[in-house]
Amino acid sequence: MNGAGISALAAIGGSALGGLTPLISNYLIQRNLTEREMLSRELNVRQSLYAEFIQFATRLYASARTKHLDDVDDMVALYALISRMRLFASLPVMEAAENLATEVMKRYGEKNLSIEDLKSVALAPDHVDPLNVFSTRCREELRSLLGHR
């Protein structure tokens with residue numbers, strides 16, 4: 001092959017490479033944006049569902065400490081929230097949610113506390129927050145999805 005042929009092939013190869021570079025670059029950028037958007041949506045869904053669970057479980061836990069279980073609708077709703085979380089939540093989050101539901105059900109079987117007794121229990125130095133484990137595991141899961149350790 002002569003020098004002119006080599007120059008022509010180099011020019012064609014350079015043009016082809018120069019033409020492919022923006023296509024590959026755009027593909028990679030678009031793929032990255034799509035992945036970020038999907039992650040953002042998933043995080044929003046999880047955060048909303050976890051917040052809903054925390055609010056509902058807190059109300060139900062307080063009710064379990066101060067009242068008898070007259071209607072199972074609230075417990076059914078709590079387990080429905082847990083089932084929705086099973087669609088995407090990690091095993092540690094699910095275990096914490098299920099343990100909290102079990103704790104709520106146990107509390108319904110105990111002696112009811114007056115508002116004054118409930119306040120004393122909540123303010124006691126050895127008081128254990130029933131939602132602490134669940135909240136902590138949710139935070140850990142969300143951080144791991146974001147890549148923070």
Side-chain angles (χ1 to χ4, degrees), residues 10-149:
I12 291 171
S15 294
L17 184 59
L20 286 175
T21 300
L23 291 174
I24 294 170
S25 174
N26 286 339
Y27 168 76
L28 293 174
I29 290 170
Q30 188 60 44
R31 190 177 87 188
N32 190 7
L33 288 173
T34 302
E35 288 174 358
R36 283 185 186 185
E37 185 178 311
M38 289 173 61
L39 177 60
S40 177
R41 277 193 220 144
E42 184 174 344
L43 286 172
N44 285 336
V45 167
R46 287 180 191 220
Q47 287 173 337
S48 296
L49 187 55
Y50 294 167
E52 182 181 350
F53 180 81
I54 288 169
Q55 289 174 334
F56 190 70
T58 301
R59 185 180 63 77
L60 203 55
Y61 184 80
S63 175
R65 296 298 306 250
T66 59
K67 300 176 186 173
H68 290 290
L69 181 62
D70 297 324
D71 187 7
V72 297
D73 288 346
D74 284 340
M75 287 304 297
V76 170
L78 183 66
Y79 280 102
L81 279 171
I82 291 172
S83 291
R84 285 174 49 203
M85 284 190 286
R86 278 192 188 99
L87 296 173
F88 50 79
S90 66
L91 185 59
V93 169
M94 289 311 309
E95 288 173 349
E98 290 166 352
N99 289 342
L100 180 58
T102 300
E103 184 68 21
V104 168
M105 188 56 86
K106 284 180 190 175
R107 295 297 181 187
Y108 270 121
E110 294 178 354
K111 178 182 172 245
N112 292 340
L113 298 177
S114 68
I115 297 300
E116 292 80 23
D117 292 339
L118 185 62
K119 181 180 175 182
S120 297
V121 168
L123 295 176
D126 60 345
H127 169 69
V128 176
D129 178 3
L131 286 154
N132 186 33
V133 173
F134 177 77
S135 301
T136 301
R137 291 197 177 155
C138 288
R139 183 178 61 246
E140 290 167 355
E141 178 188 83
L142 295 173
R143 284 186 176 174
S144 72
L145 286 173
L146 288 171
H148 300 111
R149 299 279 173 193

Task: Arg143 CZ to Leu43 CG distance, which is reported to the nearest 0.5 Å - done: 13.0 Å

TODO: Mind listing the closest non-hydrogen atom pair of Arg84 and Leu49 along with its distance?
DONE: NH2-CD1, 3.3 Å

TODO: Over 60° means perpendicular and under 30° means parallel, so classify the ring planes of Phe134 and Tyr50, tilted if in between.
DONE: perpendicular

Open item on the list: Please find the pair of heavy atoms, one from Met85 and one from Ala97, that lie closest to each other, and give the distance.
Closed with: CE-CB, 3.7 Å

Task: Where Ala89 and Arg46 come nearest, the two heavy atoms and their spacing - done: CA-NH1, 4.4 Å

Identify each donor-acceptor pair in which a side-chain atom of residues 54-62 lies under 3.5 Å from a protein atom, sequence neighbours left out, and give them as a table.
residue	atom	partner	partner atom	Å
Thr58	OG1	Ile54	O	2.6
Tyr61	OH	Arg65	NH1	3.2
Tyr61	OH	Arg107	NE	3.4

Task: side chain to side chain contact (heavy atoms under 4.5 Å, CB included) against Tyr79, all qualifying residues, sequence neighbours excluded - done: Met75, Ile82, Ala101

Task: Gap separating the CG atom of Asn99 from the CE atom of Met94, nearest 0.5 angstrom - done: 10.5 Å

Open item on the list: Quiz question: by atom type and distance under 3.5 Å, do the side chains of Arg86 and Ser83 form a donor-acceptor pair?
Closed with: yes

Task: Reported CG-to-CG distance for the pair Leu146 and Leu39, which is rounded to 0.5 angstrom - done: 6.0 Å

Task: Pairwise distance CD(Glu141) to CG(Leu145) - rounded to 0.5 angstrom - done: 5.5 Å

Task: Test side chain to side chain contact (heavy atoms under 4.5 Å, CB included) applied to Ser40 - qualifying residues, sequence neighbours left out - done: Asn44

Task: Approximate separation, where rounding is to 0.5 Å, of Glu42 CD and Glu37 CD - done: 13.0 Å

TODO: Compare every heavy atom of Ala64 with every heavy atom of Tyr108, then report the nearest pair and how far apart it is.
DONE: CE2-CA, 3.5 Å

- [ ] Rounded to the nearest 0.5 Å, what's the gap from CE on Met105 to CD on Glu110? Could you check?
- [x] 13.0 Å

